[in-house]
> 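Questions regarding the structure given below will be posed in turn.
Positions are given from 1 along the sequence. In this text the structure is predicted, and so the values were computed from the model without any measurement.
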Amino acid sequence: MTRARLTLYDTTLRDGQQTQGVQFSTAEKQRIAEMLDSLGVDYIEGGWPGANPTDSAFFDAAPKTRATMTAFGMTKRAGRSAANDDVLAAVMNAGTPAVCLVGKAHDFHVTRALGITLAENTQNIAASVAHLVSEGREALLDAEHFFDGYKANPAYALEVCHAALNAGARWIVLCDTNGGTLPSEIGRITSEVIAAGIPGERLGIHTHNDTETAIAGALAAVDAGARQIQGTLNGLGERCGNANLTSLIPTLLLKEPYASTYETGVTLEALEDLSRISRKLDDILNRVPMRQAAYVGASAFAHKAGLHASAILKDPSTYEHIDPALVGNARIIPMSNQAGQSNLRRRLSEAGIDVPPGDPALALILDQIKEREAMGYTYDSAQASFELLARRALGILPEFFEVKRYKVTVERRKNKRDRMVSLSEAVVVVKVDGEKKLSVSESMDALGCDRGPVNALSKALAKDLGRYQSGIDDMRLVDFKVRITQGGTEAVTRVIIDSEDGQGNRWSTVGVSANIVDASFDALLDAVNWKLLQNA
């Protein structure tokens, strides 16, 4: 049976950039475009040329992609011809094979926001699309506020779509711009649009996540007959974000009825790179990945309850809806004071440690976990520290080095410009192969700004570990979380550190102390030891 083709249109570089706190550089946009192309999306919307220097620079040096590179802009303004509109010309000058124009499909926005007549708006859309087509460009219309417009004035919303279609637009994209239309409405209205003469093979869907139903809305449109889906990686986008392609794509490839009914440009082989791409995007944006993200999150296949872990040992499908390897993710059996021996054996097995059922060491490890968690530790989100604890209890943890002492100082002083600045300095003395090594580091970035005592400690600890040094040269800290587990004068501080190496491997470690620097150093020690253990 021949499967219908679904077209994937990514707007991470344009609509995703509307996310509060997100601002791509030109180089970052180029890297993200290459990632999207390797995944297999059909269109990459690069931005709005002429709207800002970054987008213009991107199109001047856009990477060559298999995907159709697309420029975004708006239709010509009233009172000007399409050929003489400077805003439309800037979009055309980007030289992309496809151009997506936004045109209003809600009568309220036409008369209030644009201040023109409905007829003028329709003529602007038709003339702009016709101009693109005459210049050899593939034209797409993003029918802005379509669903709200259809509910208010269905005849006019359809008029806009027909005007673009008759002018030669390849795709008419129905946009739920405000994100308030529920999936059932999207499905019904999309069906009515198709019944009104807009073929589903020319129809796309663009949803926002303001009701947490963007993905459901997109799927409802597909069920009704739309054949293009617009979205963003990791659900980036204005306000609450756009339809999340990181969740939509595996749903289309792995879930019925979509898997057997439709095909996309994403192969099952490319899908295995999805988790890495998702996390790489967060890394580029200096954002912490959402652990609970569907399919790709670090906790998406985490099984904490002992009953679950016991069943997982027998058959992973008992508590997993897909094999995590299909999306490049991994199963995790977190350790906590709720854990039983089933969880423990499973987690040890994944770490390459085989302990038979009933071994007294299992009870010893569980007792240590419960005792330390009562002190403030957590092994639920610090898997690397758990593995070190277990290996130490089993007597199979190598001693790579010994810390003899460390010292951290933070000085507040005036610089040459008579401005008060901070300077953190750390001294760490370690013993490696019987030889003491002293390392001193300041915590300064390229601009001469202090990055804090923990950064200074990290740099000093990783400065000279003798024959083990090459094993940690590509290691870096990517996140640092602090929580006070007890209040008052006897406050206990818990620090969790996320680390990463050059291969993209990430691991989490935990430290606890009444002294935040001491807690941080404990977590740092675990991070370095776990990395060395992987190299051993």
Side-chain angles (χ1 to χ4, degrees), residues 7-76 82-83 85-102 128 131-140 142 170-171 173 206 228 230-234 236-238 242 245-246 249 265-266 270 273-274 276-287 446-447 502 504:
T7 298
L8 299 176
Y9 184 107
D10 183 276
T11 180
T12 302
L13 300 180
R14 199 272 306 174
D15 220 350
Q17 190 167 248
Q18 306 306 313
T19 308
Q20 186 177 14
V22 169
Q23 185 62 50
F24 299 124
S25 68
T26 300
E28 288 169 342
K29 294 187 75 158
Q30 291 169 335
R31 290 167 61 194
I32 296 168
E34 291 168 351
M35 288 160 46
L36 290 166
D37 198 44
S38 70
L39 183 59
V41 301
D42 299 290
Y43 291 81
I44 297 173
E45 189 175 76
W48 190 326
N52 60 74
T54 300
D55 283 7
S56 297
F58 171 77
F59 285 109
D60 288 341
K64 294 186 182 301
T65 57
R66 175 207 53 79
T68 301
M69 187 60 68
T70 308
F72 182 88
M74 66 181 185
T75 58
K76 79 172 189 70
D85 188 282
D86 56 337
V87 176
L88 186 57
V91 179
M92 293 287 290
N93 290 339
T96 56
V99 174
C100 182
L101 298 179
V102 59
S128 300
H131 179 63
L132 295 181
V133 174
S134 70
E135 294 292 325
R137 310 297 173 85
E138 180 180 335
L140 299 87
D142 264 10
R170 169 64 184 87
W171 292 102
V173 183
H206 179 113
Q228 185 199 95
Q230 293 196 356
T232 61
L233 282 181
N234 292 352
L236 293 180
E238 196 167 17
N242 289 38
L245 290 182
T246 315
I249 290 173
V266 180
D273 205 29
L274 186 66
R276 184 194 67 82
I277 289 174
S278 170
R279 293 167 191 175
K280 187 64 178 176
L281 176 63
D282 283 326
D283 186 49
I284 290 171
L285 297 175
N286 197 27
R287 290 158 58 106
L447 299 177

> Evaluate the side-chain proximity of Met92 to Leu132: yes if any heavy-atom separation is below 4.5 Å, no if none is.
yes
> Please report the C-alpha distance between Leu285 and Leu236 in whole Å, then the side-chain angles of each, then the deciding distance to 0.1 Å, and finally whether the side chain to side chain contact (heavy atoms under 4.5 Å, CB included) criterion is met.
CA-CA 11 Å; Leu285 297 175; Leu236 293 180; 3.8 Å; yes
> Roughly how far, to the nearest 0.5 Å, is CZ of Phe59 from CG of Asn93?
12.0 Å
> If I take atom CG from residue Leu39 and atom CG from residue Leu8, how far apart are they, to the nearest 0.5 angstrom?
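Result: 8.5 Å between the selected atoms.
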> Determine, step by step, whether His131 and Asp85 satisfy the side chain to side chain donor-acceptor pair (under 3.5 Å) criterion, reporting the C-alpha distance in whole Å, the side-chain angles of both residues, the deciding distance to 0.1 Å, and the verdict.
CA-CA 11 Å; His131 179 63; Asp85 188 282; over 6 Å; no
> On a heavy-atom basis, which atom in Pro49 and which in Ala94 lie closest, and how many Å separate them?
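What the structure gives for the nearest pair is CG-CB, 3.7 Å.
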> Okay, side chain of Thr12, backbone of Thr232: is any donor-acceptor separation there less than 3.5 Å?
no
> State whether the side chain of Gln30 and the backbone N or O of Ala61 hold a donor-acceptor pair below 3.5 Å, judged by distance alone.
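Yes, the answer is positive, given that a donor and an acceptor are paired below the 3.5 Å cut-off.
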> Please round to the nearest 0.5 Å and tell me the distance separating atom CD1 of Ile249 and atom OG1 of Thr246.
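If I round to the nearest 0.5 Å, the distance is 7.0 Å.
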> To the nearest 0.5 Å, what is the distance between NZ (Lys64) and CG (Asp37)?
12.5 Å
> Check Pro63 against Ala33 and note the closest heavy-atom contact, atom names and distance.
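In this case the closest contact between Pro63 and Ala33 is CG-CB, 3.9 Å.
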> Measuring from atom CG of Asp142 to atom OG1 of Thr75, what distance do you get when rounded to the nearest 0.5 angstrom?
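Rounded to the nearest 0.5 Å, the CG-OG1 separation comes out at 11.5 Å.
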> Give the minimum heavy-atom separation between Gly16 and Val22, together with the two atoms involved.
O-CG1, 4.1 Å
> Say whether, by atom type as modelled, one donor and one acceptor occur between the side chain of Gln228 and the main chain of Tyr9 under 3.5 angstrom.
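No, Gln228 side chain to Tyr9 backbone: no donor-acceptor pair under 3.5 Å.
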> I need the minimum non-hydrogen distance between Ser128 and Leu101, along with the two atoms involved.
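Heavy atoms of Ser128 and Leu101 come nearest at CB-CD1, 3.7 Å.
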> Is there a donor-acceptor pair closer than 3.5 Å between any side-chain N or O of Asn52 and the backbone N or O of Thr54?
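Yes, the answer is positive, given that a donor and an acceptor are paired below the 3.5 Å cut-off.
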> Is a salt bridge present between Lys29 and Asp55, judged by a nitrogen-to-oxygen distance below 4.0 Å?
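Yes, Lys29 and Asp55 are salt-bridged.
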> For the CZ atom of Arg170 and the CG atom of Leu140, what is their distance to the nearest 0.5 Å?
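Nearest 0.5 Å value for the CZ-CG distance: 8.5 Å.
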> Let's go through Tyr43 and Gln230 carefully: what are the C-alpha distance in whole Å and the side-chain angles of both, what is the deciding distance for side chain to side chain contact (heavy atoms under 4.5 Å, CB included) to 0.1 Å, and is it a yes or a no?
CA-CA 9 Å; Tyr43 291 81; Gln230 293 196 356; over 6 Å; no
> Are His206 and Asn242 side-chain neighbours, meaning at least one heavy-atom pair lies under 4.5 Å?
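The answer is yes; the side chains approach within 4.5 Å.
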> As a test of understanding, state which of Ile32, Thr70, Leu13 forms a side chain to side chain contact (heavy atoms under 4.5 Å, CB included) with Ile44.
Leu13
> Can you confirm whether Trp48 sits close enough to Cys100 that some side-chain heavy atom of one is under 4.5 Å from a side-chain heavy atom of the other?
no
> Any donor and acceptor pair, going by atom type alone, linking the side chain of Thr19 with main-chain N or O of Gly237 inside 3.5 Å?
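The answer is yes, because a donor-acceptor pair under 3.5 Å joins these two groups.
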> Testing the basics here: between Ala71 and Val91, what is the closest heavy-atom pair and its distance to 0.1 Å?
CB-CG1, 3.9 Å
